[in-house]
There are 2 protein chains.
Amino acid sequence: MGITRTEIFTDEQNQLATLLKALAHPARIAILQRIMVANTCICGDLVGELGLAQATISQHLKELKNAGLIQGTIEGVSVCYCIHPENWKKLEQHLNGFLNEYKGPVSCC
Amino acid sequence: MGITRTEIFTDEQNQLATLLKALAHPARIAILQRIMVANTCICGDLVGELGLAQATISQHLKELKNAGLIQGTIEGVSVCYCIHPENWKKLEQHLNGFLNEYKGPVSCC
DNA sequence: ACTATATATTGCAATATTACGATTAATAAA
DNA sequence: TTTATTAATCGTAATATTGCAATATATAGT
């Protein structure tokens, strides 16, 4: 089968899973970190700085954009990416909401 | 080629990606939520409560255990799972550290 | 118009993930 | 010891992901 059965889960669960999947790759984490550190948007630099082919970087950027985590604007011949402020905030909230459902270790296993 | 090139990333990046991958499935999110809400460990209940086959649930539990997010102890004929307190804390820290690298929207795209 | 530069898209091969039926293993109860 | 119950493992089919070369697209400068 190989296809996630999203129908049996809540929208919340599916949305969080989708966001986490977008984050769950070292290249995409590295890309996001570089964007965050540089603050000012970069792009083609990424291809040189990470050791991946241009097509591969472009693909990862596309995934991050589809997930809404970054936004890109064309600047002449190059493209400038940066964090999507609102969605990043939403991600933080969504994620913290999930993590905080855990109320410390109680009598258990 | 279909294999993540972990060699070109830092251990931090790879570890975070691995943790996020373990979380990045609605079934595993649902499982974690149920464990967190119930506090006291459950297991076989999960098979009934989520609409997935027993083998599938078992597989997801294994992944969560491999990632260190949960722990399981045998209790008679059944198995009791619960959150792994230390690792959950580490996850929170790791994740917050990553999310907080972003310092709000500056002049950008 | 032509050229150079930057990025996106396409097509494909290698590998990973998801899901499940069937089977196995392990304990509890009879 | 047989039987029932629970969970793990195996095998396999369907699908998704990762990565790259090759190609396409789009803008800037000449």
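The structure presented is a predicted model; accordingly, all values stated were derived computationally and were not measured. A, B, ... follow the sequence lines: proteins, then strands. Residue 1 opens every chain.
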Parallel under 30°, tilted from 30 to 60°, perpendicular over 60°: which one fits the rings of H60(A) and H25(A)?
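Taking H25(A) first and then H60(A), their aromatic rings sit tilted (interplane angle of 30° to 60°).
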To the nearest 0.5 angstrom, please state how far the [atom1] atom of [X] sits from the [atom2] atom of [Y].
X      : Y       : atom1 : atom2 : result
L64(A) : I31(A)  : CG    : CD1   : 6.0 Å
L91(B) : Y102(A) : CG    : OH    : 12.0 Å
Q33(A) : E12(B)  : CD    : CD    : 8.0 Å

If I take atom [atom1] in residue [X] and atom [atom2] in nucleotide [N], what distance separates them, rounded to the nearest angstrom?
X      : N       : atom1 : atom2 : value
I3(A)  : dT12(D) : CD1   : P     : 23 Å
H25(A) : dT17(C) : NE2   : C1'   : 14 Å
N66(B) : dA8(D)  : CG    : P     : 12 Å
K21(B) : dT15(C) : NZ    : P     : 15 Å
H60(B) : dT17(C) : NE2   : C1'   : 9 Å
E7(B)  : dT18(D) : CD    : P     : 15 Å
I29(B) : dT18(C) : CD1   : P     : 12 Å
I57(A) : dA6(C)  : CD1   : C1'   : 14 Å

Nearest heavy-atom neighbours spanning [X] and [Y]:
X      : Y      : answer
N14(B) : F9(B)  : ND2-O, 3.6 Å
L50(A) : A30(A) : CD2-CB, 3.9 Å
L52(A) : A27(A) : CD1-CB, 3.8 Å

Using a 4.5 Å cut-off on heavy atoms from C-beta on, say whether the side chain of L23(B) contacts that of L32(B).
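Sidechains of L23(B) and L32(B): in contact.
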More than 12 foreign heavy atoms under 6.0 Å from CD1 of I8(B): is that the case here?
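More than 12 within 6.0 Å, yes.
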Determine: side-chain N/O of Y81(B) to OP1/OP2 of dA8(D), distance under 4.0 Å, yes or no.
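Yes.
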For dA8(D), take OP1 and OP2 only and decide whether either is under 4.0 Å from a side-chain N or O of K62(B).
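K62(B) to dA8(D) OP1/OP2: no side-chain N or O under 4.0 Å.
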What residues from residues 43-56 of chain A pass a heavy-atom cutoff of under 4.0 Å to DNA chain D?
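Those residues are L52(A), A53(A), A55(A), T56(A).
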Among the candidates dT9(D), dA16(D), dC20(D), find the nucleotide nearest to the side-chain atoms of S58(B).
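From the listed options, dT9(D) comes nearest.
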Using a 4.0 Å cut-off on heavy atoms, which residues in residues 71-80 of chain B reach DNA chain C? List them by number, or say none.
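Contacting residues: G76(B), V77(B).
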Name the residue closer to the 5' end of DNA chain C, choosing between A27(B) and K65(A) according to the nucleotide with the nearest heavy atom.
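Here K65(A) is the residue nearer the 5' end.
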Please determine whether any donor N or O and acceptor N or O are separated by less than 3.5 Å between the side chain of Q59(A) and the base of dA8(C).
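Looking at the base of dA8(C), it does not pair with any donor or acceptor on the side chain of Q59(A) (distance under 3.5 Å).
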